[in-house]
Number of protein chains: 2
Amino acid sequence: MSIKDKGTEQLIKDTAKRIFFAEGKLHATTQDIADAAGVNRTLVHYYFRSRKLLFEQVTQEALDELRQLMSTLFVGKLSFKEKLKKLINVFMDETMAYPYRELFLITETNRHDQVHADQVHDSHVKPFLNDIQEEMDKGNIKAMDPRHFMMNLFSLMAYPLLSGTLSKGFMRISDSEYVKLMKQRKQLIFEMIYPNK
Amino acid sequence: MSIKDKGTEQLIKDTAKRIFFAEGKLHATTQDIADAAGVNRTLVHYYFRSRKLLFEQVTQEALDELRQLMSTLFVGKLSFKEKLKKLINVFMDETMAYPYRELFLITETNRHDQVHADQVHDSHVKPFLNDIQEEMDKGNIKAMDPRHFMMNLFSLMAYPLLSGTLSKGFMRISDSEYVKLMKQRKQLIFEMIYPNK
DNA sequence: TTAATGTTTGACAAATTTGTTAAACAAAGA
DNA sequence: TCTTTGTTTAACAAATTTGTCAAACATTAA
């Protein structure tokens, strides 16, 4: 077979992502991952050579996905307002599916004192920041350093999902109520960020 | 000696907190902690019996500190506005010193499928939520579910520090610039949250 | 069918990390 | 001083986790 069969390899990788990004189990062992995928642990080594390489690949792909998201959402001829709506919608949906993805990226980059992050190029983020600046110049959104705007936006979207367990505990919110609140946030965040209708 | 000497025990615990909360190394081993504290690893077991118990103690104390913060900041006869300013000031300072404290709490609670979090009682959070509701009734802040208000507030404060490494990478921000931005955020967050001056 | 190639498995080895023990050491009181 | 108690250390044992290997198995092409 010349073209590599992606079945098992993909299964392992997807399972790893589920464990890390969805369940937030950052300490998962290769055994944990293999069990969850229903395969022999040796296959993890067969396809990825080592635990470290599996982690690095998962990290790289997650960063790629983030970059992809950023770039696809900020091209096209939609208005800034519509792009913003779309970004909030897509990013919130993704974060609801994978609330701990960024948490994984943060701990992995801390772990190796190595910043993979700047591979997400200016070519994607800088145009976004420029768009924000333009919109401020037009008076459509409150003037501030565009980087603050971006931090505000991503904070409001990501943090409540990231800290779900804590928030639920602190505020005595049930699981079903929490989902409701998270869905409401899409609209709420847009109104906070882009107030002058 | 009847009263237990807290020297070494406290040193180990403080070092563990520094590693987890300040450096974000959630995977630190007992050896890592002992080395960083400059003591023999056996002492970790002497004082805490096991790694697990050290982790649990650190987790408990971190939750206690959060509860403490919440309760001390929301008693007294300051106006809501002043309390809010104070909360932002104190919480941001704490989070700048310990940006990964919540990250640690989140992963630890995920790890054991156990919610220590609800030990932070209604007795502290509920009065806060009531204050927020009151302020909304007065028309001083935008009306919404007070829980959203609280999530917004903590998101804006915690997330940019939590995701510092990523943000710096994404937006090409230097360390010194980042500190500047974080200090600006205190005022910026207050204005966002409490807009009608 | 047979050979070749790729996949899966269990058994084993190595490495890492945690936990235990006994002995050395230090400080304080009788 | 001597004893007692608490602290620190090194050596060791146990447990966990990662990585390797050869053999079994499956699939495809000649």
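The model shown is predicted, which means the values in this text are computed figures rather than measured ones. Below, chains carry the letters A, B, ... as their sequence lines are ordered, and counting in each starts from 1.
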What pairs of donor and acceptor atoms, side-chain ones from residues 29-36 of chain A against any protein atom, are under 3.5 angstrom apart with sequence neighbours left out?
residue : atom : partner : partner atom : Å
A:Thr29 : OG1  : A:Gln31 : N            : 3.4
A:Thr29 : OG1  : A:Asp32 : N            : 3.1
A:Thr29 : OG1  : A:Asp32 : OD2          : 3.1
A:Asp32 : OD2  : A:Thr29 : N            : 2.9

Indicate yes or no: at least one non-hydrogen side-chain atom of A:Glu135 is less than 4.5 angstrom from one of A:Ile132. no

Where the side chain of B:Tyr47 is defined as all heavy atoms beyond and including C-beta, which of C:dT8, D:dT7, D:dT9 is the nearest nucleotide? D:dT7

Closer than 4.0 Å, any side-chain N/O of B:Ser50 to the OP1 or OP2 of C:dT18? no

What is the distance, rounded to the nearest whole Å, between atom CD of B:Glu9 and atom C1' of D:dT8? 15 Å

Starting the side chain at C-beta, find the nucleotide from C:dT17, D:dT18, D:dT8 nearest to A:Thr29. D:dT18

Considering only distance and modelled atom types, tabulate donor-acceptor pairs under 3.5 Å from the side chains of residues 146-160 of chain A, sequence neighbours left out.
residue  : atom : partner  : partner atom : Å
A:Arg147 : NE   : A:Asp145 : OD1          : 3.1
A:Arg147 : NE   : A:Asp145 : OD2          : 3.4
A:Arg147 : NH1  : B:Glu177 : OE2          : 2.9
A:Arg147 : NH2  : A:Asp145 : OD2          : 2.8
A:His148 : ND1  : B:Arg185 : NH1          : 3.2
A:His148 : NE2  : B:Gln184 : OE1          : 2.8
A:Asn152 : OD1  : B:Arg185 : NH1          : 3.1
A:Asn152 : OD1  : B:Arg185 : NH2          : 2.6
A:Asn152 : ND2  : A:His148 : O            : 3.3
A:Ser155 : OG   : A:Met151 : O            : 2.6
A:Tyr159 : OH   : B:Glu102 : OE2          : 2.3

What I want to check is whether the side chains of B:Lys186 and B:Asn89 have a donor and an acceptor closer together than 3.5 Å. yes

A:Arg51 side-chain proximity, nearest of D:dG19, C:dT18, D:dT8: D:dG19

Can you measure A:Tyr46 atom OH to D:dC25 atom P for me and round it to whole angstrom units? 17 Å

Does B:Phe190 have B:Lys85 sitting over its ring (NZ/CZ under 6.0 Å from centre, angle to axis within 45°)? yes

Report the distance from atom CG of B:Leu43 to atom C1' of C:dT18, rounded to the nearest whole Å. 15 Å

Test ring-ring contact (aromatic ring centres under 6.0 Å, His included) applied to B:Phe104 and B:Tyr98, step by step: CA-CA 10 Å; B:Phe104 177 85; B:Tyr98 280 164; over 10 Å; no

Please write out each protein N/O paired with an N/O of nucleotides 20-22 of chain C under 3.5 Å, distance rounded to 0.1 Å.
none

